[in-house]
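Please read the structure below before turning to the comments.
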Amino acid sequence: MMIFSAGTLAAQQKASLTYPAARKVDTVDDYHGQKIADPYRWLEDDNSEETKAWVEAENKVTQGYLSAIPFREKIRHRLEELWNYPKYGSPFREGKYYYFYKNDGLQNQSVLYRQVGLNGTPEVFIDPNKLSEKGTTALGGMSFSKNGKYVAYLVAKAGSDWQEGFVMDVETKQLLSDKLDWIKFSGLSWRGDGFYYSRYDAPDEQSKLSKKNEYHKVYYHKVGTSQADDELVYVDEEFPLRNAGAGMTEDERFLILSTTEGTSGREVWYRDMKDPSQQEFRLLIKGFAYNPSVIENVGDKLLVRTNHDAPNYKVVLVDPKNPAKENWKTVIPEQPEVLQGVGTAGGKMFASYLKDASTRIVQYDMTGRLERNIALPGIGTAGGFGGKAEDKEFFYTFTSFVAPSTIYKYDIASGKSEVFRKTEVKFNPADYETKQVFFTSKDGTKVPIFLSYRKGLKLNGKNPVLLYGYGGFNIPMTPGFSISNLFFMEQGGVYAVVNLRGGSEYGEAWHKAGMLEKKQNVFDDFIGAAEFLVKEKYTSPEKLAIRGGSNGGLLVGACMTQRPDLFKVALPAVGVMDMLRYQKFTIGWAWVVEYGSSEKAEQFPYLIKYSPLHNLKKGTHYPATLVTTADHDDRVVPAHSFKFAATLQEAHQGSHPVLIRIETQAGHGAGKPTSKLIDEATDIWAFTMYNLGMKM
């Protein structure tokens, strides 16, 4: 291992870094007659002393390199300046109180406040910063009982998906004795003095962050009782890999049970709680070919958003007593734009559509009669259109790539919006702009890109560009503000977001065009976007960085192995890098509907063709790469990044650094404290800017 100084860093770039030794083992798997070596299999055991020593050694090399970048501390200082402004969440009403989240600026976690009425004096309701010394415990889901007496909430530690549940007396703010463990992928839904939630059986301590999650169970917990006494509401013993969640309609008439076999496709069951003869769930909509979800009930019938015979989704009214599809009544027909979701408030429905990945909101009455299109400030993302049936108003947010969230108060009767709270930031949003351009991908598909930058950009092929994408799981990439990305724009960079196939920007057809055997379309779109930006002289390969996380980490890994010549910097974060074994860990099995499985002979060939880990080739000059992961990531286990980094360091023959940064006491990303966010952003921008030839 080598220690770097600022003076020797440039010279060291031209030589080979000395990476920690990684032992190789003779592990070989047989996939349908094809032998595949897995020499770093031992890195899958994150509890072994050998793995811990390798992690420590890799972090030492990475931090040695990063600490020698001369402007690294300038980056940190500017990020702290930019980050340090008050951040508010939209208020929401529960009983006589309005609640809202606020972060003073550099607090590790946002604090939940409450006040009586909109003009009352705020008081702290829950401060998660007091739950751990370094701010690594975060608030998760929260739900208030209908009578306003109790609140149930979840907390997650060190970024893990595992959560603990607590119950508080709302008026006194006193915690009750209730304590719930081993909750994961769960909502909280009240009925009377208790609530429904989902959990797994307690795992063993050694494998709790990596073992496959099976037998998801729904329970009902009554306030003041032990978790051991909770009522088991649902478990599927026949299909242990199905996930389940239950929730009440607002009037507590129906209990809705949704089950999934993965990340795409759902089956819906119900119980009419007013019918004493119905003690078991009854099937409402058979799964798992479509994605139905219950919006709310209208009397004894249920409003459902579904993509059945409607790839862009529609809203139908279903009679639980006669739930056959031929009896459905269309309430909101399918539109040219994809229907992302439907909220209800004040006896109205609020439909959120995407028009070229930008939000459009339409207000309907509960019969589906269009009342108005709600005017929004421009290209951006709006959210929060929902509330209670008796509400006369609610609050929503609007944000874009170059402007932080503004909170609006919306009057349901008049349709008027007024600014409730505008964020004050330490830069001038008017100095920046976003435009949307379209390019033609490899197979002729038209794909959009959002480009954000400081005004006055020159198309000379010399601009540093960060190209970001995701492309999977029906998740759209819509405009959103990031203080970290703003910093890059401030330094003269262009932040580019591609709306790749695999997302939901253009409905289920767009999603399906980027999944399973068509996953290569996603990588072709991303590579096509890079080639377009070079052709149009926004940038050049020497000035082009790519970034993505989770499924987006897979994207970066696949594209840097397929086209290492096209990018100067690659930033794969918490990525799915081993496409042959991902399904063996935690919730990975749920992604089989999206990716396919190496255990199926017909799916193995296309997985091995793009799997980032298995397509690294010895003797190749790869981009400067900073792999990032975390020790408590139990969504995409860090073994993916460990094995990829070890293989990359062995295969890479160029002069660029190929490093891995492994965060401690952190997970997949949710709930990460501000201090760690700034640390990570500092290192990523230092690495990126240095290797793109930028200065500060």
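Both backbone and side-chain heavy atoms feed into the values below; hydrogens, waters and symmetry mates do not.
Judged purely by distance below 3.5 Å, without hydrogens or angles, the side chains of R199 and Y219 never pair a donor atom with an acceptor atom. Using modelled atom types and a 3.5 Å distance limit, the side chains of Y97 and E171 yield a donor-acceptor pair. Side-chain contact annotation: Y197 with Q227, donor-acceptor N/O pair under 3.5 Å present. In the model, N108 has a side-chain atom that pairs as donor or acceptor with a side-chain atom of S675 under 3.5 Å. For the residue pair Y98/N119, the side-chain donor-acceptor check at 3.5 Å is not satisfied. Judged by distance alone, the side chains of T478 and T381 do bring a donor and an acceptor atom under 3.5 Å apart.
Taking the charged nitrogens against the carboxylate oxygens, K388 and E94 do have a contact shorter than 4.0 Å, which makes a salt bridge. The pair E424-K422 does not count as a salt bridge, with every side-chain nitrogen at least 4.0 angstrom from each carboxylate oxygen. Using a 4.0 Å cut-off between charged nitrogen and carboxylate oxygen, D411 and K409 do not count as a salt-bridge pair. Ion pairing between a basic and an acidic side chain is recognised when a charged N comes within 4.0 Å of a carboxylate O; R93 and E393 show no such pairing.
Atom CD in E123 sits 10.5 Å away from atom CG in L112 (nearest 0.5 Å). To the nearest 0.5 angstrom, K146 atom NZ is 13.5 Å from W190 atom CH2. From T682, atom OG1 reaches atom CZ of F487 across 8.0 Å, with rounding to the nearest 0.5 Å. Here the straight-line distance linking atom CZ of R242 with atom CH2 of W589 works out to 10.0 Å at 0.5 Å rounding. Separation of atoms CD (E505) and OH (Y470) is listed at 11.5 Å; rounding is to 0.5 Å. Atom CE in M168 sits 12.0 Å away from atom CG in D178 (nearest 0.5 Å).
No side-chain heavy atom of K184 sits under 4.5 Å from any side-chain heavy atom of I587. The shortest distance between side-chain heavy atoms of E267 and E261 does not fall below 4.5 Å. Annotation: side chain of N499 is in contact with side chain of M477 (closest heavy-atom distance under 4.5 Å). Proximity of T359 to S352: side-chain heavy atoms (C-beta onward) are separated by under 4.5 Å at one or more points. Within the 4.5 Å cutoff, side-chain heavy atoms of P203 are placed close to those of W182. Side-chain contact check for F642 versus V55: some heavy-atom pair is nearer than 4.5 Å. In this structure, the side chains of V294 and F254 stay at 4.5 Å or more apart for every pair of heavy atoms. Contact of the N213 side chain with the F185 side chain is registered, since non-hydrogen atoms from C-beta on lie closer than 4.5 Å.
Summarising the geometry of F481 relative to V402, their closest heavy-atom pair is CD1-C, 4.0 Å, with the distance given to 0.1 Å. Across G192 and S145, no two heavy atoms sit closer than the pair O-CB, 4.4 Å. For the residue pair Y468 and G548, the shortest heavy atom distance occurs at CE1-CA, 3.9 Å. Heavy atoms only, all atoms of each residue included: L354 and P476 are closest at CD1-CB, 3.7 Å. For the residue pair D230 and T225, the shortest heavy atom distance occurs at OD1-OG1, 4.2 Å. Between G386 and A345, the shortest heavy-atom contact is C-CB, 3.8 Å.
Although no hydrogens or angles enter the test, the distance criterion places a donor-acceptor pair under 3.5 Å between the side chain of S504 and the main chain of N474. A donor-acceptor contact shorter than 3.5 Å is absent between the side chain of T260 and the backbone of S264. Using modelled atom types, no side-chain atom of E80 and backbone atom of W83 make a donor-acceptor pair closer than 3.5 Å. With hydrogens and angles disregarded, a donor-acceptor distance shorter than 3.5 Å links the side chain of T62 to the backbone of I660. Distance alone, capped at 3.5 Å, is enough to place a donor-acceptor pair between the R266 side chain and the P292 backbone. The main-chain N or O of L302 is never found under 3.5 Å from a side-chain atom of N297 such that the two would form a donor-acceptor pair. A donor-acceptor distance shorter than 3.5 angstrom exists from the side chain of R305 to the backbone of L339, with no hydrogens or angles considered. Put simply, the side chain of K217 never gets that close to the backbone of Y234: no donor and acceptor are under 3.5 Å apart. Under a 3.5 Å cut-off, the side chain of Q109 and the backbone N or O of G135 do form a donor-acceptor pair.
Residue-environment remark: CD (E133) stays at or below the threshold of 12 foreign heavy atoms within 6.0 Å. With a 6.0 Å radius and a threshold of 12 heavy atoms from other residues, nucleotides or ligands, E214 has its CD atom above the threshold. Within a 6.0 Å radius of NZ in K130, no more than 12 heavy atoms belonging to other residues, nucleotides or ligands are found. For NZ of K173, the number of neighbouring non-hydrogen atoms (other residues, nucleotides, ligands) closer than 6.0 Å is greater than 12. The environment of NZ in K157 is sparse: at most 12 heavy-atom neighbours from other residues, nucleotides or ligands sit within 6.0 Å. Counting heavy atoms of neighbouring residues, nucleotides and ligands inside a 6.0 Å radius, atom NZ of K426 exceeds 12 of them.
Classified by interplanar angle (parallel below 30°, tilted 30° to 60°, perpendicular above 60°), the ring pair Y582/W591 is parallel.
For F125 and Y113, the ring centers sit 6.0 Å or farther from each other.
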> Step by step, would you call V167 with F195 a side-chain contact (heavy atoms from CB on, under 4.5 Å)?
Replying inline: CA-CA 10 Å; V167 180; F195 54 88; 3.8 Å; yes

Working note: K672 + E663, criterion salt bridge (Lys or Arg N to Asp or Glu O under 4.0 Å); need CA distance, chi angles, decisive distance, verdict.
CA-CA 11 Å; K672 187 176 288 186; E663 184 66 86; 5.3 Å; no

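No option in F394, F144, F100 other than F144 meets the side chain to side chain contact (heavy atoms under 4.5 Å, CB included) test with F92. Of the candidates L106, I483, D104, I483 is the only one forming a side chain to side chain contact (heavy atoms under 4.5 Å, CB included) with Y85.
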